[in-house]
Amino acid sequence: MITSPFDFVTARSAEQAVALLGEYGDDAKLLAGGHSLLPMMKVRLAAPAVLVDIGGIDELAYVRLDGDDVAVGATTRHAAVATSAVLREQVPLLAHAAGLVGDPQVRHRGTIGGSLAHADPAADLPVALSALGGRVVVQGPAGRREIGADDFFQGYFTTALAEDELIVEVRLARRPGQGWGYEKFTRRANDWAIVAAATVGGRVSLANMGSQPVRALSTEQALASGSGARDAAALAAEGTRPGEDMHGDAEYRRHLARVLTRRALASAGVAD
Ligand SMILES: Cc1cc2nc3c(=O)[nH]c(=O)nc-3n(C[C@H](O)[C@H](O)[C@H](O)COP(=O)(O)OP(=O)(O)OC[C@H]3O[C@@H](n4cnc5c(N)ncnc54)[C@H](O)[C@@H]3O)c2cc1C
């Protein structure tokens, strides 16, 4: 459980982080909260020669109103997302999901940018971003670009980020007063989701039902055609490809997807 040797450099700004990624190339990996990367390094699933520490870039730690959006800086910790008064009022689904990540220690170290970049299909923030139709702002040598949630996640632990880019911000449309639901099923407190369902504004996304957050498109179409929660949720597992592990087989996960989607829709105010 000891990492391979690595060098450690600290970036003080997003520009400096991009420059360091350019300088070290494939050998470098960004380090934010370290709560996904360091466990992987300890079992040698990752062995970067250089860690570029961005966790202390204060200019990327914020939650603020920006026009029709709420903007969340990439190094904002899960605990700050969960307790942000702005998010709890404007995008409560994201704040709620962040409050369910791991335990307090994880939430006080882990960052929103790290969680999205890590792209674990069982994680809470990627599925919340997918349901919210949020956008990820990334910065590279050529400047900034914005990537929608549907394009950002590309498979198991894989995103649209280029190797010389970092996430600098997450943008979410303001939704004060809009109904939403988030249902996470775990065997033990603090675990990753066996399955989770997130919904807001007619979008429904599922965690751990495929290699990335999966939109329950049949459910969304049924809702758009006027179906109630029960009938729409019955379609939630259509088109999904859940894996199998010691927590449950694929059919069990499909069952969970239907049940959790119905509960999430009920929380969002969609009648049966
Ligand atoms: C015990 C435990 C329980 C957990 N439980 C849950 C859970 O229930 N739900 C859940 O969703 N997660 C859970 N997590 C994961 C947690 O949310 C991590 O904090 C998160 O996945 C990674 O964020 P980080 O800031 O720690 O990233 P790091 O570990 O520092 O980095 C993760 C990856 O993202 C890259 N990266 C980091 N920041 C950026 C950036 N700004 N731009 C581009 N790339 C970047 C890194 O290079 C690395 O590849 C748990 C972790 C632990 C240790």
Side-chain angles (χ1 to χ4, degrees), residues 3 6 8-11 13-14 16-18 20-21 24 26-43 45-57 59-61 72-82 94 96-130 136-140 144-145 147 152-153 156-170 182 184-196 198 207-208 212-213 247:
T3 68
F6 58 87
F8 188 89
V9 289
T10 303
S13 66
Q16 198 187 357
V18 171
L20 287 165
L21 286 178
Y24 293 107
D26 288 355
D27 291 338
K29 205 105 180 73
L30 297 169
L31 176 76
H35 269 55
S36 293
L37 182 55
L38 294 182
M40 289 181 69
M41 289 172 66
K42 286 182 180 174
V43 295
L45 282 171
V50 183
L51 285 184
V52 177
D53 183 13
I54 58 168
I57 302 181
E59 68 182 25
L60 293 182
V72 184
T75 60
T76 309
R77 313 274 168 190
H78 305 321
V81 171
L94 187 76
H96 178 79
L100 297 178
V101 172
D103 51 40
Q105 189 178 357
V106 175
R107 293 197 290 275
H108 280 91
R109 290 301 306 165
T111 65
I112 187 168
S115 177
L116 298 179
H118 190 57
D120 184 336
D124 295 288
L125 299 186
V127 73
L129 185 86
S130 170
V136 178
V137 182
V138 307
Q139 183 166 335
R144 292 190 173 194
R145 66 187 178 115
I147 310 170
F152 184 73
F153 300 107
Y156 283 109
F157 305 100
T158 307
T159 70
L161 267 174
E163 285 195 350
D164 54 0
E165 288 179 324
L166 82 153
I167 299 173
V168 287
E169 188 174 88
V170 180
Y182 188 75
K184 174 179 182 177
F185 189 82
T186 57
R187 286 181 61 231
R188 302 171 307 185
N190 308 334
D191 269 351
W192 279 263
I194 296 175
V195 174
N208 226 359
Q212 60 195 74
H247 297 305

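All residue numbers refer to positions in the sequence shown, counting from 1. Remember, it's 1-based here, ligands and their atoms both numbered in the order they're listed.
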Exercise. Give yes if a backbone or side-chain nitrogen or oxygen of L31 is under 3.5 Å from a nitrogen or oxygen of ligand 1, and no if not.
Key: no
Exercise. Show which atoms of ligand 1 fall inside a sub-4.0 Å distance from at least one heavy-atom site of L166.
Key: 42 (N), 43 (C)
Self-check item: Cationic N near anionic O, under 4.0 Å, E165 to R145
Solution: yes
Quiz item: Judging by distance only, is a nitrogen or oxygen of R109 under 3.5 angstrom from one on ligand 1?
Solution: no
Quiz item: Are any side-chain N or O atoms of R77 and backbone N or O atoms of R109, one a donor and one an acceptor, separated by less than 3.5 Å?
Solution: yes
Quiz item: Where the side chain of H108 meets the backbone of P104, is there a donor-acceptor pair that is under 3.5 Å apart?
Solution: yes
Self-check item: Close side-chain approach of P126 to Q212, heavy-atom, < 4.5 Å
Solution: no
Quiz item: Is K184 near ligand 1, meaning one of its heavy atoms is under 4.0 Å from it?
Solution: yes
Quiz item: Is a side-chain donor or acceptor of T75 paired with a backbone partner of L60 at a separation under 3.5 angstrom?
Solution: yes
Quiz prompt | Protein contact of atom 28 (P) of ligand 1 - nearest heavy atom, named by residue and atom, plus distance | solution = G34 N, 3.4 Å
Practice problem: Starting at CD of E163, measure out to NZ of K29 and round the result to the nearest 0.5 Å. | Solution: 8.0 Å
Practice problem: With atom 39 (C) of ligand 1 as the reference point, say which of I54, D191, L37, I167 has the nearest heavy atom. | Solution: I54
Quiz item: Which atoms from ligand 1 have a heavy atom of S115 less than 4.0 Å away?
Solution: 20 (C), 21 (O), 22 (C), 23 (O)
Quiz item: What do you reckon, does G33 have a nitrogen or oxygen under 3.5 Å from a nitrogen or oxygen of ligand 1?
Solution: yes
Quiz item: So is H78 close enough to ligand 1, meaning a heavy atom under 4.0 angstrom away?
Solution: yes
Practice problem: State whether the side chain of K184 and the backbone N or O of A97 hold a donor-acceptor pair below 3.5 Å, judged by distance alone. | Solution: no
Quiz item: Can you check whether M41's main-chain N or O pairs, donor with acceptor, with T3's side chain at less than 3.5 Å?
Solution: no
Quiz item: Quick one: does D27's side chain have a donor or acceptor within less than 3.5 Å of a partner on A49's backbone?
Solution: no
Practice problem: Give the residue and atom name of whichever protein heavy atom lies nearest to atom 21 (O) of ligand 1, and the separation in Å to one decimal. | Solution: S36 OG, 2.8 Å
Quiz item: Can an N or O of A32 be found at a distance shorter than 3.5 Å from an N or O of ligand 1?
Solution: yes
Quiz prompt | Nearest candidate to atom 16 (C) of ligand 1, where distance is taken over non-hydrogen atoms, out of L21, V106, T76 | solution = V106
Exercise. Run the contact test for P39 against ligand 1 with a 4.0 Å cut-off on heavy atoms, strictly below, and give the result.
Key: no
Practice problem: Around atom 35 (C) of ligand 1, find the nearest protein heavy atom and jot down its residue, atom name and distance. | Solution: A117 CB, 3.8 Å
Quiz item: Would you say G102 has any N or O atom under 3.5 Å from an N or O of ligand 1, going by distance alone?
Solution: yes
